[in-house]
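Everything numeric in this text was worked out from a predicted model, so none of it was measured. Quick note on labels: first sequence line is chain A, next is B, and so on, each numbered from 1.
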Amino acid sequence: MSYYLSTIVVYFGVDVLAAWALNIQFGWAGVPNFAFIIFQAIGAYAAAVVSLGPDSGANSFQRYIVGANLPFPLPLLVAGVAGGALALIVGVIATLRLRRDYQAAVFLLIALIASQVVSGDVGLFNGSNGLAAVPQPLAGALSSLSLGQYQWAYAGFTTVVTVAVLLVIRRIGRSGWQRALRASRDDEAAAGALGLNVAAMRMQVFVVGGVIAGLSGGLLVGFITAWSPGGWGYAETFAILTGVILGGVSNDWGVLLGTFLVQIVFIEVPSFLPEFGYPGLIDKLEWIVIGFMWLAVLILRPRGIIPERRYRAKLESGAEDARYKLPAGVGVGGS
Amino acid sequence: MVSGSIVLQSIGFGVVTAAIVAIGAMGFTLQFGVTNILNISYGNILTVGAFASLIVENNHLGLAPTIIVAPIAGAVVTFVLARTVFALFARRQAGTFELIMVSLASSLIIQYSIDAAAQGQTFSFTFPAGKTLHTGPFVFTTESLALIGLAIVVYALLMAALHLTRIGKALRALSVDPKLARACGVPMRRILNLTWLVSGALAGLAGLIYVSNDLTVSANAGLDFLVLVVAAALLGGAGSPTGAVIAALVVGITTEVVAAIGGSYYSQAAGLGILAVVLIARPSSRTIFGATRDEVTV
């Protein structure tokens, strides 16, 4: 039980990091990054291949690139950098003035193709079999710990990283940059007319999200020490996104709550249920229910359990109240 | 080193791929042009058609029922989906972005329902390939020639229906400006029903011919193929069958040539690469993106 609990703590930390990263892209900036999972995946793969030793060639049971044997915590940094670098490339799509549904479709296609390429190209990350035997961080230095103690140490470390990232996100969340982002989300043309460089801001927030996503992938691969492209299907993005939408888009605590409900209560708890049907049936049924859950949230509570806070600018005394000059319907109305 | 003859041969394969992509893309572009919903679950309708044919084929009911059941299954599932789920959200004034989210949720539900029923397996699909013909550097089977012929027939029928019949003209009017079309007395409901049925049938048919060419069926089949279909449909311009066919040729030949040179897993990436280049070069071009309206019609 303690073993299971520590595992859950790590998973939850990783999932919340991912959800916050997706939320700053989707919630703050309105970029429908339906390829989100590939940023977590590249972080995981990058961390894995730099912490593994060199690929020893034909006798090795798996093939991969790099193999740098880097010590902890360098693989985590590499994971973040990899996520950010990929975001710099894919983010070009986010900066285009496309209809949002086009953008969403293109991101989705990227996720579908990425998983085909990674599964097919064996030289890159060992194809569809994925990587195994990734060294655990500090496994040597902490070898005196029992497995259970190591698990809890990792859970503690994950929690520290999660809280640190939260503090960063909260800080950015109070900045003028974040307000400008939300403005460009609500009305791109108006934000542009005010002189905001919408494309540049979107690229920035996309890269920040990519770094956090990569970091979360690096954390996860260090914990479970193995990966295969099967775990990075396009649908994983929708598990994360369901948590974000259920909890409340653009609300850090809402996202935390939604992620807990979807990823832990809904996805992890059923593994306690007695098996029924053939192996893997429960997995598939979960995805069907996630689909229905998504539809239900969109119908019943489109703003989530804890909706985004409505901001109202405070007027300095004596300043003219600009609101009276706005024609009806120009405000930051809901979508 | 890749020899020239292999490249020429892959161009021949590319035309066959283009025929399959074209049928799927014509259905997608018709649906998208009229309803303005970027329906991701279209990919799962391809799978529905393929599995319907697989079931009939496994029961040895003959070739004709095997072929006919795919478009019927595609049309029925699409129609039900549109009239229940999409209609529910359209009544609530959902915009184009809400509806792509809804179509994704529907896609998850259909995908994993099929996967659960198929127990996650991949099935082999046998289809008579016919004789192999060598024409110059190109190699075709009679089946692949039949596919190319089928794509041409579908295109001709669709264009004739859109341009020569009254209801086809009404459909085009609706796709350009739904409000104006309604004001002119265009029978919206009838045309929309027809659009869902025809596009669903084309999706089912495309799913069948995709697996008859690929010879395996799994729950992921349609979604994998959707990449090329959507790339061709967006490249060709929403609501334009001619654009879809031309774009399908571009996408089909590129993917096959890339597959011959760089490995099959990069072929779909190449299809997306073309789309990305077009999006980056001309992101707001109206000639490439026909749909400019915001409201959806279901």
Enquirer: For Leu295(A), which atoms come within 4.5 Å of any heavy atom of chain B: side chain, backbone, both, or neither?
Expert: both

Enquirer: Working to the nearest 0.5 angstrom, can you tell me the gap between Lys284(A) NZ and Gln111(B) CD?
Expert: 9.5 Å

Enquirer: Side chain, backbone, both or neither: which part of Ile110(A) has a heavy atom under 4.5 Å from chain B?
Expert: both

Enquirer: Could you grab the distance from atom CE of Met101(B) to atom CG of Leu241(A), nearest 0.5 Å is fine?
Expert: 5.0 Å

Enquirer: Leu108(A) pairs by side-chain contact (heavy atoms from CB on, under 4.5 Å) with which of Leu104(B), Val227(B), Ile100(B), Leu223(B)?
Expert: Leu104(B)

Enquirer: Side chain, backbone, both or neither: which part of Phe238(A) has a non-hydrogen atom closer than 4.5 Å to chain B?
Expert: side chain

Enquirer: Sort out for me which of Glu286(A), Gln103(A), Gln116(A) touches chain B most, counting heavy-atom pairs under 4.5 Å.
Expert: Gln116(A)

Enquirer: Counting only heavy atoms closer than 4.5 Å, note whether Leu281(A) contacts chain B via side chain, backbone, both or neither.
Expert: side chain

Enquirer: If I take atom CZ from residue Phe292(A) and atom CD1 from residue Ile109(B), how far apart are they, to the nearest 0.5 angstrom?
Expert: 4.0 Å

Enquirer: Roughly how far, to the nearest 0.5 Å, is the CD1 atom of Ile299(A) from the CG atom of Leu88(B)?
Expert: 4.5 Å

Enquirer: Please state whether the rings of Trp287(A) and Tyr112(B) are parallel, tilted or perpendicular, taking 30° and 60° as the class boundaries.
Expert: parallel

Enquirer: Are side-chain heavy atoms of Tyr266(B) and Val117(A) found at a separation under 4.5 Å?
Expert: yes

Enquirer: Hey, what do you get for CG (Leu109(A)) to CG (Leu226(B)), rounding to the nearest 0.5 Å?
Expert: 6.5 Å

Enquirer: How long is the gap from CG on Asn220(B) to OH on Tyr234(A), to the nearest 0.5 Å?
Expert: 7.5 Å

Enquirer: Write down the atom of Gly291(A), the atom of Ala105(B), and the distance for their closest heavy-atom approach.
Expert: O-CB, 3.6 Å

Enquirer: Let me know if Ile40(B) has heavy atoms under 4.5 Å from chain A in its side chain, its backbone, both or neither.
Expert: side chain

